[in-house]
Amino acid sequence: MASVGRGASCRATAKALECATSTAVAAVRRYQEGGRQGLRDRREENGRAKVDERFRERLACVLNRGS
């Protein structure tokens, strides 16, 4: 969403990120209203988190292979 801050439209940003324009608009609005905290995952009360410790460990292994 940094591209919006640099002057790109939400529509162009959404196209580049392959997401819905409404998703980009909502993210920009949350950032404007709450800063970085506004972008935090809001799924806490919506079931089990998709990212768990096992996922984080596997992600770290994948990222470290590229170093």
Side-chain angles (χ1 to χ4, degrees):
M1 298 306 156
S3 62
V4 174
R6 291 190 301 267
S9 69
C10 286
R11 184 175 181 181
T13 299
K15 185 176 180 181
L17 294 173
E18 298 181 0
C19 69
T21 302
S22 60
T23 300
V25 170
V28 168
R29 184 173 298 131
R30 287 194 318 269
Y31 181 77
Q32 289 171 335
E33 292 173 358
R36 293 179 78 181
Q37 289 296 325
L39 298 177
R40 292 185 60 105
D41 185 3
R42 298 176 298 154
R43 295 183 44 86
E44 292 123 3
E45 297 176 17
N46 191 17
R48 187 176 67 82
K50 293 182 179 182
V51 175
D52 58 12
E53 193 56 38
R54 180 173 162 252
F55 178 87
R56 286 184 184 100
E57 289 172 3
R58 292 182 69 197
L59 178 61
C61 287
V62 169
L63 294 175
N64 287 331
R65 287 185 199 156
S67 301

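Reckoned from all heavy atoms, side chains included, excluding hydrogens, waters and symmetry mates. This structure is a prediction, so every number in the text was calculated from the model and none was measured.
With sequence neighbours left out, E53 forms a side-chain contact (heavy atoms from CB on, under 4.5 Å) with R56, E57. Taking R54 as the reference, D52, R58 meet the side-chain contact (heavy atoms from CB on, under 4.5 Å) condition, with sequence neighbours excluded. Under the rule for a side-chain contact (heavy atoms from CB on, under 4.5 Å), the partners of A26 that lie at least two apart in sequence or sit in another chain are R30.
Across all their heavy atoms, A27 and L39 have their closest contact at O-CD2, 3.5 Å. Across all their heavy atoms, A24 and A14 have their closest contact at CB-CB, 4.0 Å.
In this structure, SG on C10 lies 15.5 Å from NZ on K15, to the nearest 0.5 angstrom.
Side-chain atoms of T13 come within 3.5 Å of backbone N or O of S9 as a donor-acceptor pair.
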